[in-house]
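Below is one structure, written out as structure tokens, with a few remarks after it.
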Number of protein chains: 2
Amino acid sequence: MRLTTKGRYAVTAMLDLALHEGRGPISLADISSRQRISLSYLEQLFAKLRRNGLVKSVRGPGGGYQLSRDKAQIFVVQVIDAVNESVDATGCNSKGDCHEGDACLTHHLWCDLSEQIHSFLSGISLEDLVARKDVQAVSQRLDQQHLKTIDFQKIEATA
Amino acid sequence: MRLTTKGRYAVTAMLDLALHEGRGPISLADISSRQRISLSYLEQLFAKLRRNGLVKSVRGPGGGYQLSRDKAQIFVVQVIDAVNESVDATGCNSKGDCHEGDACLTHHLWCDLSEQIHSFLSGISLEDLVARKDVQAVSQRLDQQHLKTIDFQKIEATA
DNA sequence: CTAATAATTGACTAAAATAGTCGGTTAATG
DNA sequence: CATTAACCGACTATTTTAGTCAATTATTAG
């Protein structure tokens, strides 16, 4: 099992989409600027998210990505799964063949742990996250920083 | 966060010690043979377990390792920590400085998850594991295999 | 039509971690 | 004094992470 920046970035980016819904597609450049995630890396992650049916894309100017369904129907565990970060804590993908075809001494312990993590993360939707006070607070801070960056870029462009 | 064979091996080896307690020290060679973990790798892991005060060692013939305290007082989370596998799911070690000195959008989510995993694993002692039916069943199977291996070695030695 | 925008694809890479191996040293026992 | 087994440090192949870079395709505003 692993949970690294890959899975965290994916969830963060999806939450960014959920927070800015309703104003048309969001470009990866915007997400990259707000969340400070490398644009090229986001491209890789969104390729997987799209293949897994979590987002849909619009090409060309004004294009970007949108959630493929209601944010109440997208769960954290699905996002993590989509970028290949397994939430499974066993060494045998829960098959029970970890010790020469049979279960190893601690197999059931890791199964229980996996179940625990899975049920926790599958109980949290993007809507749940959007509703959280702490998320709203951070989101506001990031949006403001983002607006400043855009203004600065406009000034630079005219100069 | 990561949970790989390193942490799983450490817990498995500690559980092996707990299961064979009372017959004096257990050698790493025995654990290696029963649990099919590389002896040299076990040496590395036990160096850390010893430095963390979870086991004590006895050198020389008949030597090996023993739990440093009662198996009811050793918890899975301590074993995983000892071999440097963090149970923390945040990218900032729960410090909240994951986005340019401030919390990132999903910081609190990962904190909640860490708390969830930590409290689960810190609630399970080696004694709890020893008492489990599934563990006892696997343990019996492994012990029998181990005895056969020893007998075979004796026959080879005399021949 | 054309230039700009933005997704899409594929190949490449530096750094770190994993899962070990190998050889040698030290301490205890019989 | 030979054997056992812990102890120690250095080395290594493989995999994963977290990206970069370059090129292509589709869309739209002017």
Side-chain angles (χ1 to χ4, degrees), chain A residues 1-13 17 23-33 35-52 54-66 68 80 83-86 88-89 91 98 104 150 153 157, chain B residues 1-13 17 23-33 35-52 54-66 68 80 83-86 88-89 91 98 104 150 153 157:
Chain A
M1 183 179 116
R2 51 206 116 98
L3 181 54
T4 62
T5 58
K6 196 197 282 188
R8 285 193 296 263
Y9 281 175
V11 175
T12 301
L17 281 190
R23 323 178 201 168
I26 308 294
S27 73
L28 293 189
D30 276 7
I31 300 180
S32 169
S33 150
Q35 309 301 334
R36 305 290 149 130
I37 304 171
S38 141
L39 177 59
S40 325
Y41 201 40
L42 276 177
E43 283 170 358
Q44 273 184 52
L45 299 180
F46 271 79
K48 293 184 177 182
L49 294 172
R50 194 168 57 89
R51 264 180 248 130
N52 280 267
L54 293 174
V55 296
K56 51 191 176 188
S57 62
V58 180
R59 284 176 159 215
Y65 287 92
Q66 285 171 301
S68 66
I80 294 176
V83 294
N84 302 341
E85 291 217 302
S86 166
D88 195 301
C98 22
C104 77
I150 287 174
Q153 279 166 355
Chain B
M1 184 181 116
R2 51 206 117 97
L3 182 55
T4 61
T5 58
K6 197 198 281 188
R8 285 193 296 264
Y9 280 175
V11 175
T12 300
L17 281 190
R23 322 179 203 166
I26 307 294
S27 74
L28 293 189
D30 275 6
I31 300 180
S32 169
S33 151
Q35 309 302 334
R36 304 289 148 130
I37 303 172
S38 140
L39 176 59
S40 325
Y41 201 38
L42 276 177
E43 283 172 0
Q44 272 184 52
L45 299 180
F46 272 79
K48 293 183 178 182
L49 294 172
R50 194 169 57 89
R51 264 179 250 130
N52 280 267
L54 293 173
V55 296
K56 51 190 176 189
S57 63
V58 179
R59 287 178 156 213
Y65 288 92
Q66 284 171 301
S68 66
I80 294 176
V83 294
N84 302 341
E85 291 216 304
S86 165
D88 194 300
C98 21
C104 76
I150 288 175
Q153 281 166 352

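Protein chains get the first letters and strands the later ones, always in sequence-line order, with residue 1 at the start of each.
- The base of dT26(C) lies close enough to the side chain of Arg59(B) for a donor and an acceptor atom to sit less than 3.5 Å apart.
- Within 4.0 Å (heavy atoms only), Phe46(A) reaches no atom of the nucleic acid at all.
- Taking the nucleotide of DNA chain D with the nearest heavy atom to each of Ile26(B) and Val58(A), the more 5' of the two is matched to Ile26(B).
- Between Ser27(B) and dT4(D), a side-chain N or O to OP1/OP2 separation shorter than 4.0 Å is absent.
- Using a 4.0 Å cut-off, some side-chain N or O of Ser57(A) falls inside it from OP1 or OP2 of dT8(C).
- Computed from coordinates, the Arg8(B) CZ to dA19(C) C1' distance equals 12 Å when rounded to whole Å.
- In this structure, the separation between CD on Glu85(B) and CG on Leu3(B) is 5.5 Å, given to the nearest 0.5 Å.
- Each of dT4(D), dT17(D), dC7(D) was ranked by its minimum atom distance to the side chain of Pro61(B); first place goes to dT4(D).
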| message | Between Leu17(B) and Ile31(B), is the side chain to side chain contact (heavy atoms under 4.5 Å, CB included) condition met? List the steps. | response | CA-CA 8 Å; Leu17(B) 281 190; Ile31(B) 300 180; 4.0 Å; yes

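- One finds a side-chain N or O of Thr4(A) lying less than 4.0 angstrom from the OP1 or OP2 phosphate oxygen of dA18(D).
- Following rounding to the nearest Å, Tyr65(B) (OH) and dA28(C) (P) show an atom-to-atom distance of 14 Å.
- Leu49(B) places its CG atom 13 Å from the P atom of dA6(D), with the value rounded to the nearest Å.
- Formation of a donor-acceptor pair under 3.5 Å by the Gln35(A) side chain with backbone atoms of Tyr9(A) is not found in this model.
- With values rounded to the nearest 0.5 angstrom, Leu49(A) atom CG is found 12.0 Å from Gln44(A) atom CD.
- Taking atom CG on Leu39(A) and atom C1' on dA18(D), their separation rounds to 14 Å, with Å as the unit.
- Atoms CG (Leu42(A)) and C1' (dA7(C)) sit 13 Å apart, rounded to a whole Å.
- At a threshold of 4.0 angstrom between heavy atoms, the contacts of Ser40(B) include nucleobase atoms, whether or not backbone atoms are also involved.
- Rounded to whole Å, atom P of dT16(D) lies 12 Å from atom CD of Glu85(A).
- From Thr5(A), atom OG1 reaches atom OH of Tyr41(A) across 5.0 Å, with rounding to the nearest 0.5 Å.
- Distances shown here put a side-chain N or O of Ser38(B) below 4.0 Å from the OP1 or OP2 atom of dT21(C).
- Interatomic distance, SG of Cys104(B) versus CZ of Arg8(A), reported as 8.0 Å (0.5 Å rounding).
- Take the nearest nucleotide of DNA chain C for Ala47(A) and for Gly60(A): the residue whose nucleotide is more 5' is Gly60(A).
- Atom C1' of nucleotide dA14(C) and atom OH of Tyr41(A) are separated by 14 Å, given to the nearest angstrom.
- Side-chain N/O atoms of Tyr9(B) include one lying less than 4.0 angstrom from OP1 or OP2 on dG20(C).
- The interatomic distance linking Lys48(B) (NZ) with dT18(C) (C1') rounds to 11 Å, in whole Å.
- Under 3.5 Å, the side chain of Gln44(B) and the base of dT21(C) form at least one donor-acceptor pair of N or O atoms.
- Taking side-chain N and O atoms only, Arg2(A) has a distance below 4.0 Å to OP1 or OP2 of dT17(D).
- Listed pair Lys6(B) / dT18(C) meets the phosphate criterion, a side-chain N or O lying under 4.0 Å from OP1 or OP2.
- Checking the phosphate oxygens (OP1, OP2) of dA7(C), no side-chain nitrogen or oxygen of Arg50(A) falls inside 4.0 Å.
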